[in-house]
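If you're wondering where the values come from, they're calculated on a predicted model, not measured in any experiment. Letters A, B, ... mirror the listed sequences (proteins, then strands); counts begin at 1.
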Amino acid sequence: MHYWLLKTEPSELSIDTLAERGDAGACWEGVRNYQARNMLRDQVQLGDKVFIYHSSCAQIGIAGIARVIRSAYPDPSQFDKHSIYFDAASTLEKPRWISVDVCHERTFAEIVSLQALKANPALSDLAVVKKGSRLSVSPVAADEWKAVLKMAGK
DNA sequence: GCCAACGTTGGC
DNA sequence: GCCAACGTTGGC
(Lines give C-alpha, C1' and ligand atoms only; values in the text may rest on other atoms or scores of the structure.)
Protein backbone atom coordinates (compact mmCIF):
# COMPACT_ATOMS: atom_id res chain seq x y z
CA MET A 1 0.00 0.00 0.00
CA HIS A 2 1.13 3.50 -0.80
CA TYR A 3 0.31 6.99 0.35
CA TRP A 4 -0.47 9.97 -1.87
CA LEU A 5 -1.40 13.59 -1.74
CA LEU A 6 -4.14 14.80 -4.07
CA LYS A 7 -4.68 18.48 -4.67
CA THR A 8 -8.09 19.93 -5.16
CA GLU A 9 -9.65 23.33 -5.18
CA PRO A 10 -12.40 23.09 -2.56
CA SER A 11 -14.70 25.09 -4.82
CA GLU A 12 -14.45 22.15 -7.22
CA LEU A 13 -14.40 19.22 -4.82
CA SER A 14 -13.85 19.77 -1.12
CA ILE A 15 -13.35 17.27 1.68
CA ASP A 16 -16.89 18.09 2.83
CA THR A 17 -18.38 17.31 -0.56
CA LEU A 18 -16.41 14.09 -0.58
CA ALA A 19 -17.78 13.23 2.86
CA GLU A 20 -21.32 13.80 1.60
CA ARG A 21 -20.78 11.26 -1.15
CA GLY A 22 -20.25 8.59 1.46
CA ASP A 23 -19.19 5.11 0.40
CA ALA A 24 -19.95 5.84 -3.25
CA GLY A 25 -16.99 8.18 -3.26
CA ALA A 26 -16.07 10.46 -6.12
CA CYS A 27 -14.27 10.28 -9.42
CA TRP A 28 -10.96 12.13 -9.27
CA GLU A 29 -11.21 13.70 -12.69
CA GLY A 30 -9.50 16.50 -14.52
CA VAL A 31 -5.84 15.61 -14.05
CA ARG A 32 -4.28 17.04 -17.20
CA ASN A 33 -0.61 16.74 -16.45
CA TYR A 34 1.37 13.80 -17.80
CA GLN A 35 3.52 13.24 -14.75
CA ALA A 36 0.48 13.16 -12.49
CA ARG A 37 -1.38 11.04 -15.02
CA ASN A 38 1.42 8.48 -15.07
CA MET A 39 1.31 8.16 -11.30
CA LEU A 40 -2.45 7.62 -11.34
CA ARG A 41 -2.06 5.06 -14.09
CA ASP A 42 0.98 3.12 -12.92
CA GLN A 43 1.28 3.47 -9.20
CA VAL A 44 -1.92 4.41 -7.41
CA GLN A 45 -3.55 1.18 -6.28
CA LEU A 46 -6.84 0.04 -4.84
CA GLY A 47 -6.78 0.62 -1.09
CA ASP A 48 -4.07 3.27 -1.14
CA LYS A 49 -4.60 6.15 1.26
CA VAL A 50 -4.52 9.76 0.16
CA PHE A 51 -4.36 13.13 1.81
CA ILE A 52 -6.89 15.59 0.44
CA TYR A 53 -5.15 18.94 0.00
CA HIS A 54 -7.08 22.17 -0.50
CA SER A 55 -5.36 24.65 -2.79
CA SER A 56 -6.17 28.13 -4.08
CA CYS A 57 -8.49 28.93 -1.21
CA ALA A 58 -8.75 30.69 2.13
CA GLN A 59 -7.44 27.75 4.15
CA ILE A 60 -4.64 26.08 2.24
CA GLY A 61 -3.51 22.72 3.56
CA ILE A 62 -4.36 19.09 4.17
CA ALA A 63 -8.03 18.73 5.03
CA GLY A 64 -8.37 15.02 5.61
CA ILE A 65 -7.97 11.49 4.33
CA ALA A 66 -9.56 9.44 1.58
CA ARG A 67 -9.06 5.93 0.23
CA VAL A 68 -8.74 4.69 -3.33
CA ILE A 69 -11.78 2.54 -4.11
CA ARG A 70 -11.18 2.16 -7.84
CA SER A 71 -7.81 2.23 -9.54
CA ALA A 72 -6.87 3.65 -12.93
CA TYR A 73 -9.54 3.93 -15.63
CA PRO A 74 -10.14 6.40 -18.45
CA ASP A 75 -11.19 9.81 -17.11
CA PRO A 76 -14.82 10.20 -18.30
CA SER A 77 -14.55 13.98 -18.48
CA GLN A 78 -12.14 13.84 -21.41
CA PHE A 79 -15.00 12.56 -23.58
CA ASP A 80 -17.59 15.03 -22.33
CA LYS A 81 -17.96 17.90 -24.76
CA HIS A 82 -19.60 20.02 -22.10
CA SER A 83 -16.84 19.54 -19.58
CA ILE A 84 -14.02 22.02 -19.15
CA TYR A 85 -11.81 18.93 -19.14
CA PHE A 86 -12.93 17.80 -22.60
CA ASP A 87 -10.03 16.74 -24.80
CA ALA A 88 -10.85 16.44 -28.50
CA ALA A 89 -7.59 14.61 -29.11
CA SER A 90 -8.51 11.74 -26.82
CA THR A 91 -10.38 8.69 -28.13
CA LEU A 92 -12.22 5.81 -26.48
CA GLU A 93 -9.71 3.41 -28.02
CA LYS A 94 -6.75 5.47 -26.88
CA PRO A 95 -7.77 7.53 -23.88
CA ARG A 96 -5.19 10.03 -22.83
CA TRP A 97 -6.28 10.85 -19.28
CA ILE A 98 -6.81 8.70 -16.22
CA SER A 99 -9.07 8.85 -13.18
CA VAL A 100 -9.32 6.98 -9.93
CA ASP A 101 -12.24 6.91 -7.50
CA VAL A 102 -11.76 7.83 -3.87
CA CYS A 103 -14.02 7.79 -0.88
CA HIS A 104 -13.93 9.84 2.28
CA GLU A 105 -12.31 8.39 5.38
CA ARG A 106 -11.73 11.27 7.75
CA THR A 107 -11.93 15.03 7.95
CA PHE A 108 -9.33 16.58 10.22
CA ALA A 109 -10.69 18.66 13.10
CA GLU A 110 -8.57 21.47 11.70
CA ILE A 111 -6.83 21.77 8.37
CA VAL A 112 -3.10 21.11 8.66
CA SER A 113 -2.01 24.34 7.03
CA LEU A 114 0.64 24.69 4.38
CA GLN A 115 2.45 26.99 6.79
CA ALA A 116 2.54 24.24 9.40
CA LEU A 117 3.67 21.67 6.83
CA LYS A 118 6.51 23.96 5.80
CA ALA A 119 7.50 24.46 9.43
CA ASN A 120 7.89 20.72 10.07
CA PRO A 121 11.44 19.54 9.20
CA ALA A 122 10.15 15.98 8.80
CA LEU A 123 8.14 17.15 5.80
CA SER A 124 10.82 19.05 3.91
CA ASP A 125 10.63 16.57 1.01
CA LEU A 126 6.88 16.76 0.63
CA ALA A 127 6.17 18.00 -2.91
CA VAL A 128 3.62 20.48 -1.77
CA VAL A 129 6.01 22.45 0.46
CA LYS A 130 8.43 22.96 -2.39
CA LYS A 131 8.36 26.14 -4.38
CA GLY A 132 6.87 25.85 -7.82
CA SER A 133 5.41 22.40 -7.19
CA ARG A 134 2.36 22.04 -9.38
CA LEU A 135 1.76 18.32 -9.41
CA SER A 136 -1.81 17.47 -8.45
CA VAL A 137 -0.77 13.94 -7.49
CA SER A 138 2.36 13.31 -5.45
CA PRO A 139 3.73 10.48 -3.34
CA VAL A 140 3.87 10.64 0.45
CA ALA A 141 6.35 8.49 2.37
CA ALA A 142 5.11 6.39 5.29
CA ASP A 143 6.95 8.50 7.85
CA GLU A 144 5.62 11.69 6.27
CA TRP A 145 2.13 10.26 6.50
CA LYS A 146 2.61 9.59 10.20
CA ALA A 147 4.04 13.04 10.79
CA VAL A 148 1.01 14.73 9.23
CA LEU A 149 -1.38 12.52 11.23
CA LYS A 150 0.43 13.58 14.36
CA MET A 151 -0.05 17.22 13.41
CA ALA A 152 -3.73 16.60 12.77
CA GLY A 153 -4.12 15.24 16.29
CA LYS A 154 -4.78 11.67 17.39
C1' DG B 1 -4.09 41.08 -8.77
C1' DC B 2 0.81 39.93 -8.90
C1' DC B 3 4.33 37.05 -10.17
C1' DA B 4 7.48 32.99 -9.96
C1' DA B 5 7.72 28.48 -11.56
C1' DC B 6 6.65 25.18 -14.54
C1' DG B 7 4.45 22.84 -18.76
C1' DT B 8 3.16 23.02 -23.55
C1' DT B 9 3.26 24.69 -28.16
C1' DG B 10 5.06 25.68 -32.47
C1' DG B 11 8.39 27.85 -35.65
C1' DC B 12 12.73 26.98 -37.28
C1' DG C 1 15.70 18.90 -31.19
C1' DC C 2 16.10 23.68 -29.62
C1' DC C 3 14.06 27.44 -27.44
C1' DA C 4 11.12 31.58 -27.22
C1' DA C 5 6.48 32.61 -26.44
C1' DC C 6 2.60 31.68 -24.23
C1' DG C 7 -0.67 29.57 -20.82
C1' DT C 8 -1.56 27.72 -16.24
C1' DT C 9 -0.90 26.95 -11.41
C1' DG C 10 -1.02 28.48 -6.96
C1' DG C 11 0.83 31.00 -2.95
C1' DC C 12 0.90 35.49 -1.35
> Does the A/S83 side chain pair with the main chain of A/Y85, one donor and one acceptor, at a distance under 3.5 Å?
Replying inline: yes
> Looking at A/F79, A/Y34, A/Y73, which hits ring pair (Phe, Tyr, Trp, His ring centres under 6.0 Å) with A/W97?
Replying inline: A/Y34
>> Applying the side chain to side chain contact (heavy atoms under 4.5 Å, CB included) criterion to A/Y53, which one of A/L114, A/I15, A/I111 satisfies it?
In response: A/L114
>> Students should find this one: the first and last nucleotides of DNA chain C, 5' to 3', lying under 4.0 Å from a heavy atom of chain A. What are they?
In response: C/dG7 to C/dC12
> Contact class for A/K118 vs. all strands (heavy atom < 4.0 Å): base, sugar-phosphate, or nothing?
Replying inline: sugar-phosphate
> Does any pair with a residue in residues 59-73 of chain A pass salt bridge (charged side-chain N to carboxylate O under 4.0 Å, His left out), and if so which ones, sequence neighbours excluded?
Replying inline: A/R67-A/E105
>> Any salt bridge linking A/D75 with A/R37? Criterion: basic side-chain nitrogen under 4.0 Å from a carboxylate oxygen.
In response: no
